[in-house]
Amino acid sequence: MQKRERDWWKRAVIYQVYPRSFCDSNGDGIGDIPGIIRKLDYLKSLGVDAIWLSPFYCSPQADNGYDISDYRDVDPIFGTMADLEELIAEADRRGIGIVPDLVLNHTSDEHEWFKKAKSSRTDPCHDYYIWRDGKEGVLPDNKRAAFGGPAWEWVPEVQQYYYHHFAVKQPDLNWQNPEVREMLYDMIRFWVEKGVAGFRLDVVDSFGKEIDRDIFQNGPMLHPYIREMRQKAFIRDDLLTVGEAWSVNLESARLYGNPDGSELSMAFSFEHLMLDVAEGNDRWHPIPLRFRNLKKTMAKWQNGLVGCGWNTLFWENHDVPRIVSRFGDDGRYRAESAKMLAAVLFGMQGTLYIYQGQELGMTNVAYPIEEYRDVSTLNFYEEAGREGWPEEKRMAAIHAQSRDNARSPMQWDDSPQAGFTSGKPWMRVNPNYREINAAAQTGDPESVFSAYKELIRLRKEYPVITEGTFELLLPEHDAVFAYRRTLGSRAVGNRMGTSGEGGMGIGSGTGEEILVVANFYGETIPDPLAEEEKGMEVLFRNYADEGTKGVLRPYEAVWYCSR
Ligand code: GLC
Ligand code: CA
């Protein structure tokens, strides 16, 4: 197995695979582990260091695997344990780590633990879950589940309700029970011993919930639990551990990502992806992007964790829409805007995460409701219907925000079903696969894929990107996203007003500076930074030619470097 440095993940590029939609090897219409193995060389060519692997465990698939019925085995639809071991070994041969998803907030209602728990109040597993007495038909209170409907479900056998933050088939584990935690830690060690490179922790911020006090995230016991888990379960020092934390702020990010290694490597903050939906992160009420807030939010996180935490950089995952459809233009300027969005993000400090298909500029889908599969989308459709939302408004919200936007099958080539499967895909392939697919892009130097590859290469070549300071430029400009990264004596000079020696880790006196300038919109505009750019070298541009000096074309983005 690869020997990794303790903080290898700081320079790493992580690629998220959603197994069900990635590559189907046996024609049953569902992506699988042998399919992932086939595509390892593709990922290697992109420059990927590790794969975040969404759940492949045994599961009734009520939430596409985020409802686990056996943490220690592979679901037959995805393959076998032998396939998984082969994936770990084959990835390792290419220098790629496997980072499985860990879903510890809840299990499936078909997990052995829950089957026992619901059989009798005296079963030792009963207290593994969260129960309230009550009467059938009279809910304990009016708590709502994140996927719609009440958070309580009645179990006649025990004459009690269990709590589920997500779908009915995802009962929440009782983290206050030390035995539950020990069982989970033991399971995590099982996977560490299999040679994984780390873990992504699903909804980590809810582990310390105290529902009677209406505390659903960031409970008082959250960080003590994570520290306990770090000690007992994350038994290797080089594991990448990243928590999904919709509620994280700078203060808690400094705990999750404490550089002393007492908790996790880092946490996903979603603040930048809440700026085009209504207050309260209500995804079903999309609003136009608050662009200046986006810049300020990114800058706040860039500057807020220096030396006391670590950032995650991402535009997409399996729960959010495609970024090119969301913040870019998935029509006329699809390729330009997809590359621009990459150029803006990839120059920042943090660990970079790319979601499958993002590197091709894959777009949202817009299907009739029958084609949607996601439990939260379907629940929303029903519920909003009952609340009287007109059909058109419901479908507009779904087209903009459904999680299935990210879950349509990966577009490999222009053969039927985009080369994803030889059978009937579990979800319809986006009809634009004939133009947007990997085969068409890997050999084309002007493709979105090639831009991703080049930006990844530059990220690794320039230490300033991992280590330099960040300065947002033109915060009030309403179309340009620009910032400067500085390393070495230049950084010291900038910060202290002197030209001292040394600085951020490279002993040389010259330093290094990268300037990122991007037009975030589709109009041609004057380049407000033309003066600054003089004398700098172009490292990357998302247009083939130089264009006119002093002007930024639609979605034009450039990386400049000090000479
Ligand atoms: C996380 C996952 C999401 C899942 C939910 C419940 O948010 O990313 O896909 O539905 O947790 O496990
Ligand atoms: Ca399959």
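Order of appearance sets the numbers: ligands from 1, and atoms from 1 within every ligand. Everything numeric here is computed off the predicted structure, so don't read it as measured data.
Side chains of S415 and R434 form no contact here, defined as non-hydrogen atoms less than 4.5 Å apart.
Short contacts between ligand 1 and H106, defined as distances under 4.0 Å to a heavy atom of the residue, involve ligand atoms 6 (C), 12 (O). Every atom of ligand 1 is numbered from 1 in the order shown, and the set under 4.0 Å from a heavy atom of R407 is 9 (O). Near R403, meaning under 4.0 Å from any of its heavy atoms, are these atoms of ligand 1: 3 (C), 4 (C), 9 (O), 10 (O). Against a heavy-atom cut-off of under 4.0 Å, F147 is close to the following atoms of ligand 1: 10 (O). Of all atoms in ligand 1, listed by their number and element, those nearer than 4.0 Å to a heavy atom of F166 are 5 (C), 6 (C).
The closest approach of D24 to the Ca ion (ligand 2), by N/O/S atoms, is made by OD1.
Summary of contacts: the protein heavy atom closest to atom 7 (O) of ligand 1 is E244 OE2, 2.8 Å. Annotation: atom 2 (C) of ligand 1 to nearest protein heavy atom, D202 OD1, 2.9 Å. For atom 8 (O) of ligand 1, the closest non-hydrogen atom of the protein is D319 OD2, 2.5 Å. For atom 4 (C) of ligand 1, the nearest non-hydrogen atom of the protein is D63 OD2, 3.3 Å.
S325 places a side-chain N or O within 3.5 Å of a backbone atom of N364 that can act as its donor or acceptor partner. Judged by distance alone, the side chain of N293 and the main-chain N or O of T297 form no donor-acceptor pair under 3.5 Å.
For the Ca ion (ligand 2), the N/O/S atoms of N26 include one lying under 3.0 Å. At least one N, O or S atom of I30 sits under 3.0 Å from the Ca ion (ligand 2).
Scanning all heavy atoms of the two residues, the minimum distance from P55 to G65 falls at CB-O, 3.1 Å.
A cation-pi arrangement is absent between R373 and W426 under the rule of less than 6.0 angstrom and at most 45 degrees off the ring axis. Under a cutoff of 6.0 Å and an axis angle of 45°, K39 and W412 form a cation-pi pair. A cation-pi arrangement, defined by a distance under 6.0 Å to the six-membered ring centre and an angle within 45 degrees of its axis, is absent between R132 and Y161.
Ligand 1 has no atom lying under 4.0 Å from any heavy atom of H165.
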Go through S402 and D374 one step at a time and tell me if the side-chain hydrogen bond (donor to acceptor under 3.5 Å, both in side chains) criterion holds. CA-CA 8 Å; S402 169; D374 167 33; 4.5 Å; no

